[in-house]
Amino acid sequence: MIDFELTDEQRAYQALVREFAEKEVRPHVAAYDREERYPVEIVRKMAALGFVGGTVPEAYGGPGLDHLTMAVGIEEMSRVCVHMGSAMGRASGLVGAGLLQFGTEEQKRKYLVPLARGDVFGGTGVTEPHSGTDVAAMETTAVRRGDEYVLNGSKIWISGVGVASWYLTFATLDRARGAKGACAFVVERGFPGFAERPIRNKLAFRPTQVGELVFEECRVPVENRVGAEGDGLRVAMCAVENGRLSVACRAVGLAQGCLDESVRYARQRVVGGQPIARYQLVQAKIADMVLGVESARYLTYRLAWLKTRGVKRARRESSIAKLHATEVAFRAAADAVQIHGAYGASEEYQVGRFLRDAKILQIVEGVNDVHRVLVGEYALGLREDPR
Ligand SMILES: Cc1cc2nc3c(=O)[nH]c(=O)nc-3n(C[C@H](O)[C@H](O)[C@H](O)COP(=O)(O)OP(=O)(O)OC[C@H]3O[C@@H](n4cnc5c(N)ncnc54)[C@H](O)[C@@H]3O)c2cc1C
């Protein structure tokens, strides 16, 4: 069955998010981007409206949205700010999905419920200085000592530094066994031997405060291990489709934002005695944005629809949606800056920030080069489509 219409509830949710984004986010986004500050006060307001928590069931503090409704909301918010878009899906994405699927009842109550309600912030520490894409090559180790694990190593480029109360993170019991020896843990800020080091002055994604997580003889209680010993990679991987869906939604929203801004600017900017909207090369850029946004939106909604229907694995579709939507977003942002001429470089307009953030969307949740390889491998029969 193919139905391209959103339901009345989904439209109402979309309108609610749009109103919030315009009133509560747009007036502040340039400032918090400049300050490289995660706007906790805005996220708290979103939480009060039930905008964070994504698909986490009500029983665990979330709004229990279906994936498509969540996707529509993230996209809408991301027309203004991809970071507030991200806040809408984190609890059912990389940060919370592992807890929901592998956590004990006690872990869900202690960590997932406050996260999904927006009472606290959490993070996920996967990337290491020497292993980003190659997650299985992690070097952080965990050794069991009585009722504790002792972690040594570090993670880098981790979102949430300075605001997260805890991190879902990963360490191997045996480097030689790599991923097979990996375990997942919740490490709270304040655990002995744990430290955070912020990374400042980033090119982009400035409001998403990132940094390094350092574990030096860091003691983690056994009850904070998520899943069994050796389950670490499964815990990490269970969230990737939701994470890629969130990135794709943010990319579609950002690309739509570029289109909106470009249309507005092209109509009012007069050069050579006529609005630049009259120049065919400007029209061509706008047309490419429309094609990109609409195709990316359908691929993204298809992924969300498959997830809503409960398909177990949508790996191929998640790579296709993430890859296409983020490529579209980057191209749209570059063209939007071009249309704005010098004003594209000004903080007064959104498109410069969009261009910086669009680049990072091509890197997080699996670099686009890897997704391109995966899509090729599926097509060539070199990799089995798990669906
Ligand atoms: C703002 C920001 C926020 C982030 N937040 C988090 C977070 O919260 N948690 C977290 O764990 N990580 C986070 N990351 C890290 C991010 O997920 C990694 O940067 C990403 O996975 C890529 O890893 P890397 O940087 O080590 O790149 P590398 O793995 O070193 O790859 C570098 C380049 O090599 C090429 N390449 C590598 N492998 C392949 C391959 N198999 N096939 C083809 N080409 C390849 C690609 O061109 C790739 O871009 C964040 C990063 C940024 C910038």
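Counting starts at 1 for both ligands and their atoms, following the listed order. Since this is a predicted model, take the numbers as computed values, not measurements.
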Should the pair [X]-[Y] be classified as a salt bridge under the 4.0 Å nitrogen-to-oxygen rule?
{"X": "Arg11", "Y": "Glu5", "result": "yes"}
{"X": "Glu365", "Y": "Lys322", "result": "no"}
{"X": "Arg264", "Y": "Asp260", "result": "no"}
{"X": "Arg313", "Y": "Glu317", "result": "no"}
{"X": "Arg331", "Y": "Asp288", "result": "yes"}
{"X": "Arg250", "Y": "Glu75", "result": "no"}
{"X": "Glu327", "Y": "Arg372", "result": "yes"}
{"X": "Glu128", "Y": "Lys155", "result": "yes"}

Who's the nearest protein heavy-atom neighbour of [atom], and how far?
{"atom": "atom 19 (O) of ligand 1", "result": "Ile363 CG2, 3.9 Å"}
{"atom": "atom 48 (C) of ligand 1", "result": "Val367 CG2, 3.8 Å"}
{"atom": "atom 50 (C) of ligand 1", "result": "Trp157 O, 3.1 Å"}
{"atom": "atom 39 (C) of ligand 1", "result": "Val370 CG2, 3.7 Å"}
{"atom": "atom 52 (C) of ligand 1", "result": "Val364 CG1, 3.9 Å"}
{"atom": "atom 15 (C) of ligand 1", "result": "Thr127 OG1, 3.2 Å"}
{"atom": "atom 35 (C) of ligand 1", "result": "Asp369 OD2, 4.3 Å"}
{"atom": "atom 8 (O) of ligand 1", "result": "Ser159 N, 3.0 Å"}

Ligand 1 versus [X]: contacting region, heavy-atom distance under 4.0 Å:
{"X": "Phe205", "value": "side chain"}
{"X": "Val126", "value": "both"}
{"X": "Val210", "value": "side chain"}

If you compare Gly132, Ala204, Gly211, Ala164 by their heavy atoms, the one closest to atom 26 (O) of ligand 1 turns out to be Gly132
- Query: Between Ser131 and ligand 1, is there a nitrogen or oxygen pair with a distance under 3.5 Å?
  - Reply: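 The answer is no, given that Ser131 and ligand 1 share no N or O pair closer than 3.5 Å.
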